[in-house]
There are 2 protein chains.
Amino acid sequence: MFTFDQLAGFIAVAEELHFGRAAERLNMTQPPLSRQIQKLEKIIGTELLERDNRKVQLTPAGEAFMEEAKRLMALANRAPVTARRIATGRSGHLRVGFTAASGFSILGPLLEEISEIIPDVDIDLQELVTGEQIQGLLTGGLDLGLARPPFDRDVFDSHLLYKESMMLAVPSGHHLADLARPIGDSDISDEPLIMHSPTKATYFYDLVVRMFPIQHANVIHTVSQILTMVSLVAARRGVAFVPHSATLLAIKGVEFLPLAGMESEQPVELHAIWNRKVVNPALRRLLQDLEFRTE
Amino acid sequence: MFTFDQLAGFIAVAEELHFGRAAERLNMTQPPLSRQIQKLEKIIGTELLERDNRKVQLTPAGEAFMEEAKRLMALANRAPVTARRIATGRSGHLRVGFTAASGFSILGPLLEEISEIIPDVDIDLQELVTGEQIQGLLTGGLDLGLARPPFDRDVFDSHLLYKESMMLAVPSGHHLADLARPIGDSDISDEPLIMHSPTKATYFYDLVVRMFPIQHANVIHTVSQILTMVSLVAARRGVAFVPHSATLLAIKGVEFLPLAGMESEQPVELHAIWNRKVVNPALRRLLQDLEFRTE
DNA sequence: TCAGGTGATACCCGGAAGGCATCATGTTTA
DNA sequence: TAAACATGATGCCTTCCGGGTATCACCTGA
């Protein structure tokens, strides 16, 4: 196999059509350059340059080889740059998981911020529930998650992105909408309830049962997605506890009412979480520039 | 700059994910391979492989560099082959000039033969009169010509491709067509003549005036292209001397009559000609395989 | 705790590549 | 026409790079 030095030598001579000047350009003397070319021709197995004592010119094979040589050099020069860009997180891939609810609010602005910090990184977005995100982060199928507690703090590092209050979603014209005050526990003791799934939406389920005295007899639907809840409310099936960001869903026939005791408290949390053993350089760079730290 | 050995080493390790096996594959021992990779990483400026004492795996930068490395190796392996193919005339370019008349007859079969001998060579065809072909062969703009004498035998080598007789082209239903014998000098002494241009079609002009006693008063058109002649004959403007191959032109309203004294003689010659200083390897190979020799 | 496996390091040696001096040859000039 | 010049090739020397052998350092699993 020939060497890059031989290629560079050949290119220089082919461009200068003069061994002396080519050698000067390469910061070397003429004799080793002559031998370099000879050796290259021997390796290739054919004459590349035709030279008499007066002038040098390319053979047809030399012209063809010239193109390949230039392409090789260009590729060889680019390869380390590409590798470094990826190693420093300036290029590459980032796989981000997000919960459906986070898509309403924080996802847009966050992506904008991300693409400012690492513009040449491809972002793969996947809507996944918190459990699936954790699984992905563990197996390496995901680099970053936008998820809700709980998660294993030994394995995952995280950053609190967002806190919000809960609201009560009611059908338009519902009698509770006429009250000029936040909704209290007693107001909903007789309302049909659309509740979160205790298995698939553990976070919201636990949050709601901790904060409100739920009459389980009133629960008429159990769903896992906020969007489904709001749709059911719009269909006048009942009322539902939803995070404040659900108000951003412009669903007709739904009103969102404040809940008593929620004025100051914002119990719904959304975290960015990632495996402490970060291997993706793009993520490393992102975390650094976003100044995410362990909480 | 890194070396091809380093690239090959990196590829082997990246594929085996094991220094020992990779070294074996490369017919070397493990220690120099380790150093090779270290040196490569230093040159690239980033880690390509993550290795502890138990396992080896690619970093994201390493994966990206792997692609580039493979492409480089593939290109490097192909380049000499390409160069050799061109040097031995198995690939490359061949620029062929031909006269319009030769296009009727010999060009098709000749191209077929050429593409059997040098199938991977691109053939550039240009219709040119003999003078232009000679110019092209001198300046290097043309590799091979299909032309008519005379040309400088010191500069050009040639091979007689084709000899043919002259015919008389007459309009359909012309009274000469009724003669059951070859046309003699006296038969055309009163016919309007479409003649070759003495400057642009010297060869035919000289040939015709040498063989027939032309009444210059009868010449009503002077043209340089055979096709034009035949078209004018079809338009009943007069009669014309054309090479036998013109009969291959299926032009309606024209008949071709034999000329007296032409039965055995075939004075119209077409030669393949080329510069004795052949530089194009594809041409060299072609001439060799066609067994063209100096006449 | 020890044996086995794996990558890194130390040291040595041969060959390849570069520099200098010079040659061979063809062209220009006096 | 001969001498000076230009240019690529060759001979010889030295340096340095890269590979081999032996060995180390470290982790893992029995």
Side-chain angles (χ1 to χ4, degrees), chain A residues 1-59 61-62 65-66 69 72-73 76 80 277 279, chain B residues 1-59 61-62 65-66 69 72-73 76 80 277 279:
Chain A
M1 176 64 66
F2 46 85
T3 71
F4 283 107
D5 284 346
Q6 287 164 353
L7 288 183
F10 171 70
I11 291 172
V13 176
E15 284 180 352
E16 298 286 347
L17 293 178
H18 189 289
F19 279 71
R21 279 196 300 277
E24 196 176 347
R25 198 170 106 181
L26 295 166
N27 294 315
M28 62 191 290
T29 55
Q30 169 266 319
L33 180 58
S34 283
R35 281 179 306 220
Q36 219 177 42
I37 303 292
Q38 288 164 13
K39 192 166 286 188
L40 177 62
E41 289 180 324
K42 194 164 188 178
I43 291 168
I44 302 301
T46 187
E47 285 218 328
L48 300 173
L49 293 162
E50 208 180 320
R51 42 224 195 259
D52 55 27
N53 284 328
R54 209 67 219 153
K55 67 182 192 302
V56 176
Q57 61 180 16
L58 282 164
T59 64
F65 191 74
M66 178 70 172
L72 270 166
M73 291 303 283
K277 183 175 141 290
V279 289
Chain B
M1 176 64 66
F2 46 83
T3 71
F4 284 107
D5 284 347
Q6 288 164 353
L7 288 183
F10 171 69
I11 290 172
V13 175
E15 284 180 353
E16 298 286 346
L17 294 178
H18 189 288
F19 278 71
R21 279 195 300 277
E24 196 176 347
R25 200 170 107 180
L26 296 166
N27 294 314
M28 62 190 291
T29 54
Q30 168 265 320
L33 180 57
S34 282
R35 280 179 310 213
Q36 221 177 40
I37 302 294
Q38 287 165 13
K39 192 167 288 188
L40 177 62
E41 288 179 325
K42 195 164 187 179
I43 290 168
I44 302 301
T46 187
E47 285 218 329
L48 301 173
L49 293 162
E50 208 180 322
R51 42 223 194 259
D52 55 28
N53 283 326
R54 211 69 218 149
K55 69 182 191 302
V56 176
Q57 63 179 16
L58 283 163
T59 64
F65 190 74
M66 178 70 171
L72 270 166
M73 291 303 283
K277 185 175 139 292
V279 289

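Just so you know, these numbers use all the heavy atoms, side chains as well, and skip hydrogens, waters and symmetry mates. Naming convention: chains lettered A, B, ... in sequence-line order (proteins, then strands); numbering from 1 in each chain.
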TODO: Rounded to the nearest angstrom, tell me the gap between atom CG in B:Asp52 and atom C1' in D:dA25.
DONE: 13 Å
TODO: Can you establish whether the number of heavy atoms outside A:Glu24 located under 6.0 Å from its atom CD is more than 12?
DONE: no
TODO: State which of D:dG8, C:dT27, C:dA8 makes the closest approach to the side chain of A:Arg54.
DONE: C:dT27
Task: Spacing of B:Leu49 atom CG relative to C:dG7 atom P, expressed in whole Å - done: 10 Å
Open item on the list: Main chain of A:Ala8, side chain of A:Gln36: is a donor-acceptor contact present, judged purely on distance under 3.5 Å?
Closed with: no
TODO: Would you confirm whether A:Gln30, through its side chain, and A:Gly20, through its main-chain N or O, come within 3.5 Å as a donor-acceptor pair?
DONE: no
Task: Value in whole Å for how far the P atom of C:dA8 lies from CD of B:Glu47 - done: 10 Å
Open item on the list: Rounded to whole Å, how long is the line connecting atom CG of B:Asp5 with atom C1' of D:dG18?
Closed with: 9 Å
Task: From CA spacing to verdict: side chain to side chain contact (heavy atoms under 4.5 Å, CB included), A:Val56, A:His18 - done: CA-CA 6 Å; A:Val56 176; A:His18 189 289; 5.9 Å; no
TODO: Applying side chain to side chain contact (heavy atoms under 4.5 Å, CB included), run through B:Thr59 and B:Leu49 and close with a yes or a no.
DONE: CA-CA 6 Å; B:Thr59 64; B:Leu49 293 162; 5.9 Å; no
Open item on the list: Nearest whole Å is fine: how far is C:dG26 P from A:Phe19 CZ?
Closed with: 17 Å
Task: Whole-Å gap separating C1' (C:dG5) and CD (B:Glu16) - done: 16 Å
- [ ] Could you tell me the separation between the CZ atom of B:Phe4 and the C1' atom of D:dG18, rounded to a whole number of Å?
- [x] 18 Å
Task: Worked check of side chain to side chain contact (heavy atoms under 4.5 Å, CB included) between A:Leu7 and A:Phe65 - done: CA-CA 10 Å; A:Leu7 288 183; A:Phe65 191 74; 3.7 Å; yes
Open item on the list: Working note: A:Glu15 + A:Arg25, criterion side chain to side chain contact (heavy atoms under 4.5 Å, CB included); need CA distance, chi angles, decisive distance, verdict.
Closed with: CA-CA 11 Å; A:Glu15 284 180 352; A:Arg25 198 170 106 181; 2.7 Å; yes
TODO: Indicate yes or no for a side-chain donor-acceptor contact from B:Gln57 to the backbone of B:Glu50 under 3.5 Å, with no hydrogens or angles considered.
DONE: no
- [ ] Kindly compute the distance separating NZ (B:Lys42) from CD1 (B:Ile44), expressed to the nearest 0.5 Å.
- [x] 13.5 Å
TODO: Take the C1' atoms of the five end pairs on each side of the helix from C:dT1-D:dA30 to C:dA30-D:dT1, get both axes, and report the angle to 10 degrees.
DONE: 20°
Task: Rounded interatomic separation in angstrom, taking CG from A:Leu26 and C1' from C:dG18 - done: 13 Å
Task: Residues from residues 29-45 of chain A lying under 4.0 Å of DNA chain D - heavy atoms - done: A:Gln30, A:Pro31, A:Ser34, A:Arg35, A:Gln38
